[in-house]
Structure formats: C-alpha cells, structure tokens
Amino acid sequence: MGNEIYKNAIHCFVMDGEPVSVELYGCGHINHTFLVTTDTGRRYILQMLNGGVFADPDGLMENVVAITRHIAKKCADPRGSLHLNPTRDGRLYTRGKKGNMWRLYDFVEGSICLQAPETMEDFYQSAIAFGTFQQQLADFPAGTLHETIPNFHNTPDRYRKFRAALAADKLGRAKEVGPEVDFVLAREEEAGALQRMRDSGQLPTRVTHNDTKLNNVMLDEKTRKPLCVIDLDTVMPGLAAYDFGDSIRFGAATAAEDEKDLSRMEMSLEAFETYTRGFLEACPGLTDLERQTLPLGAKLMTLECGVRFLTDYLEGDVYFSIHRPEHNLDRARTQFKLVADMESKWDQMAAIVARLSADN
Ligand code: ADP
Ligand code: GN1
Ligand code: MG
C-alpha cells in the first residue's frame with residue numbers, strides 16, 4: 001500500500017494547525033491507521049476503515065457517535081471516551097476517491113497501548129477497562145445499534161464459512177493443513193455451546209465490545225490505570241463471555257498471536273486468574289450462568305479466532321492484514337495450541353472462576 005493514500009483525505013478534516021507528519025501507526029489487523037502531527041504539536045489518529053470488512057459505514061459511525069457520547073457523559077476525564085473530529089463540511093467521515101471511508105480521532109495523549117501485558121497489574125487494569133466499558137453501556141439501548149458485522153461471534157456460522165472455504169480450496173492450500181482441519185472439526189459440537197445458550201435466552205444479551213484485545217485499551221502512561229477503550233467498530237449486542245474470552249485469548253497467552261515456535265504458546269493461569277478478578281469486580285451484575293460460562297468464552301473465542309485465521313488462509317488472505325506468506329496459518333496454529341492448553345487446564349480455570357465468583 002502506498003503511504004500516500006491519506007493525502008486527499010487529510011485535507012477534508014478540521015484540525016488544529018497544519019499537518020507536518022503522517023505515519024502508519026499501530027498493529028491493528030483491519031483498518032489502516034495513521035498518526036498525524038500538526039505544526040501546533042496536536043496529534044490525531046486518521047483511519048481508513050476497511051470497506052471489505054464493514055459494509056455499512058454510516059451505521060457503523062452512528063454506533064460510534066452514540067457510544068462515545070454515552071460513555072463521555074459518565075467520565076470526568078475527557079480522554080475517557082474517543083473523540084471524533086468532523087470534516088470541513090460537518091460530516092463524521094469522508095469518502096476517498098476509491099470509495100474508502102476516512103475518519104479522524106483525537107490522539108489519546110498521555111496513554112500507553114500494549115501488545116502484551118508488561119506486568120500482571122497491567123492485565124488486571126485492562127480487565128477493569130473492558131469490564132467498566134460493558135458496565136457503562138448496561139443502560140445503552142442495545143436495539144438501536146447497527147450490526148456492523150452480522151454473526152460476528154456466531155461460532156457455528158464461522159464453522160459454516162470455514163467448511164465452505166475448505167470445500168472451495170481456491171488456492172490448493174487445504175492439503176497443507178490437515179491436522180489443523182481435524183482439530184477444528186473435532187470441536188464443532190462444543191463450538192456451538194455459547195450460541196445455543198444465547199439463542200435459548202439462557203444468557204442475557206448485553207452491549208459488548210467484541211474485540212477486547214489488549215491493544216484496544218489505552219492505559220494512563222503515569223498511573224497505568226484505564227483511560228479509554230478504543231476500536232469501537234464491533235460494539236454490538238453480544239455475550240459477556242465474548243469480551244472476557246477474547247481478552248484471555250490475546251492477553252493471557254504467553255507468546256504473540258503469530259509466534260512460530262508453538263512450544264512458547266500457553267495460557268497463563270496466573271494471567272487468567274488476574275483478568276477474572278478484574279472483570280468480576282468491574283461487572284458485578286453478571287448472572288451465575290454468565291460467570292460459569294467465562295472459561296467457555298475463553299476457549300471458544302480462541303477456537304473461533306483460529307477458525308477465522310485458517311479460513312482466511314484457505315481463502316487467500318483476504319480479510320486480516322498479513323506481513324508474511326503464512327502469517328494467517330501461523331496465527332491459526334497459535335490459537336489451536338492455546339485451545340489445547342486451555343483444555344489441559346480446564347478444571348483449574350473453572351475452579352478459579354468459582355472461587356472468585358464466591359468472593360464477589
Ligand atoms: P484496528 O481495527 O485496525 O485494530 P484500531 O482502532 O485498534 O484499529 O487502531 C490501531 C492502533 O492504533 C491501536 O491498537 C492503537 O495503538 C492506535 N490507536 C487507535 N486509536 C487511537 C487513539 N485515538 N489514540 C491513540 N492511539 C490510537
Ligand atoms: C481483528 O481490528 P483488530 O486488529 O483489533 C479482528 C478481531 C480478531 C483480531 C485477531 C473487526 O482485531 O475480531 O479477534 O483481529 N477484528 C475484526 O487479532 O474482525
Ligand atoms: Mg484494534
């Protein structure tokens with residue numbers, strides 16, 4: 001991608017000063033993110049939304065505006081909620097020549113964004129951040145939200161897409177991934193467990209973030225306490241177990257999501273316990289069944305993510321950004337290793353949740 005693609009977009013926005021530098025920024029897999037600095041020293045985050053992923057940018061931006069306003073009312077610190085800057089003609093985003101959608105956020109100053117927790121306390125604080133986020137949205141009218149990616153955490157639907165990609169085998173890659181395919185298919189029945197409980201109404205639908213990676217939360221650089229939750233494109237009705245589970249998948253892993261040496265990849269029980277403690281403290285209103293499903297959330301979000309990476313590998317890497325040829329396959333493998341490790345630690349995970357639930 002040429003780094004010049006932002007050139008037309010950037011002049012559409014009202015900014016404090018003139019831009020003096022624009023750099024590609026962050027480690028997200030979906031959007032193109034740029035850090036913009038102006039001659040007054042102000043910093044902004046300019047983002048090109050991935051049009052292949054988000055089919056309804058108007059609906060998505062309506063969600064973002066409503067959510068950020070709702071949260072801003074509950075925060076004393078103005079950095080507690082993302083702030084969008086309008087275009088010169090008063091719109092929330094602009095459409096580039098190629099149809100791409102661009103938006104401009106204030107840069108959250110005085111913050112840090114981690115790719116892995118540096119201490120257990122960091123991870124605990126991220127649990128407080130995501131738990132508080134869910135709590136702040138408990139009185140948000142969920143029915144007004146647009147479903148920005150239909151069936152996002154519908155794991156059986158992810159399996160259907162995986163099976164279709166496997167059958168099509170567009171690039172002839174299926175022959176390389178036999179063990180991974182077997183791993184996925186052996187868990188198909190269990191993979192639908194959360195969706196079945198959601199469909200039957202046993203679990204309450206809440207407003208959830210749905211992409212609770214550690215690098216979607218900003219901590220205060222001095223206090224290392226939560227400042228704000230970012231990447232709001234997938235905020236939709238969902239289950240508490242999705243948000244809990246996706247955080248464990250990413251932040252309780254002992255290696256990076258794309259680690260090639262699988263022997264380094266495990267789920268840390270210490271990190272699992274730390275996150276559980278923070279999440280239960282920040283979300284005191286979870287039902288007993290919601291609490292009991294937290295380990296399942298961790299396992300199924302990890303399995304689902306692995307299925308998504310493997311599907312994308314089979315389809316020719318059309319969804320997630322990749323930086324090397326087998327990137328998606330490496331990512332899928334780490335997720336399956338994590339799932340296997342969770343299976344070996346299942347009783348301990350359940351015991352931790354039960355013990356901490358009794359304390360809360
Ligand atoms: P993606 O959907 O591609 O993950 P994100 O919105 O998460 O996009 O942005 C990618 C990265 O850019 C984040 O992980 C974070 O490091 C940084 N970032 C995004 N928004 C802001 C912001 N408002 N202030 C500071 N950093 C930000
Ligand atoms: C994507 O956008 P980002 O990088 O925060 C993806 C998540 C995956 C994650 C895997 C909209 O998150 O669902 O869990 O990659 N986001 C979308 O790292 O698909
Ligand atoms: Mg992100």
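Only a predicted model underlies this, so the values are computations on that prediction, with no experimental measurement involved. All ligand and atom numbering here is 1-based and tracks the order in the structure. Heads up: numbering here begins at 1 and tracks the sequence.
For ligand 1, the atoms closer than 4.0 angstrom to any heavy atom of M218 are 25 (C), 26 (N). Of all the atoms in ligand 2, the ones that sit under 4.0 Å from a non-hydrogen atom of D231 are 2 (O), 3 (P), 5 (O). Heavy-atom contacts of C113 reach the following atoms of ligand 1: 14 (O), 15 (C), 16 (O) (cutoff under 4.0 Å). Shown in contact with Y319 at under 4.0 Å from a heavy atom are these atoms of ligand 2, numbered in order with element: 11 (C), 17 (C), 19 (O). Residue contact check: L82 has heavy atoms under 4.0 Å from atoms 23 (N) of ligand 1. Counting atoms of ligand 2 from 1 in the listed order, those under 4.0 Å from a heavy atom of G28 are 4 (O). The distance from ligand 2 to the heavy atoms of T234 drops below 4.0 Å at these ligand atoms: 11 (C).
Remark: distances from the non-hydrogen atoms of R308 to ligand 2 include one below 4.0 Å. Ligand 2 does not have F250 within reach: every non-hydrogen atom of the residue lies 4.0 Å or more from it.
Closest to atom 14 (O) of ligand 2 among all protein heavy atoms lies R249 NH2, 3.5 Å. For atom 4 (O) of ligand 1, the closest non-hydrogen atom on the protein side is D231 OD2, 3.0 Å. For atom 3 (P) of ligand 2, the nearest protein heavy atom (residue, atom name, distance) is D211 OD2, 3.4 Å.
In this structure, the ring of F244 has its center no less than 6.0 angstrom from the ring center of F130.
Under 4.0 Å from ligand 1, heavy atoms of V108 appear from its side chain as well as its backbone. Residue contacts with ligand 1 for D106 involve N, CA, C or O but no side-chain atom from C-beta outward (heavy atoms, distance under 4.0 Å). Residue-level proximity to ligand 1 for H29 is carried by the backbone, the only part with a heavy atom below 4.0 angstrom. Here I45 has side-chain heavy atoms under 4.0 Å from ligand 1, and that is the only part of it that gets that close. At a 4.0 Å heavy-atom cut-off, ligand 1 touches N216 through the side chain alone.
Looking at ligand 2, you'll find an N or O of N216 within less than 3.5 Å of one of its N or O atoms. Between Y25 and ligand 1, a contact under 3.5 Å exists for no N or O pair.
Summarising the geometry, atom CD1 belonging to I30 is positioned 6.0 Å from atom CG belonging to N50; distances are rounded to the nearest 0.5 Å.
In this structure, R103 fails the cation-pi test against Y93, since its NZ or CZ atom is not both closer than 6.0 Å to the six-membered ring centre and inside 45 degrees of the ring normal. Relative to the ring axis of F320, R308 does not place its NZ or CZ within 45° and under 6.0 Å from the centre.
Classified by interplanar angle (parallel below 30°, tilted 30° to 60°, perpendicular above 60°), the ring pair F162/Y159 is perpendicular.
Checked by atom type, the side-chain pair D317/N328 shows a donor-acceptor distance below 3.5 Å.
Residue D231 approaches the Mg ion (ligand 3) most closely through its N/O/S atom OD2.
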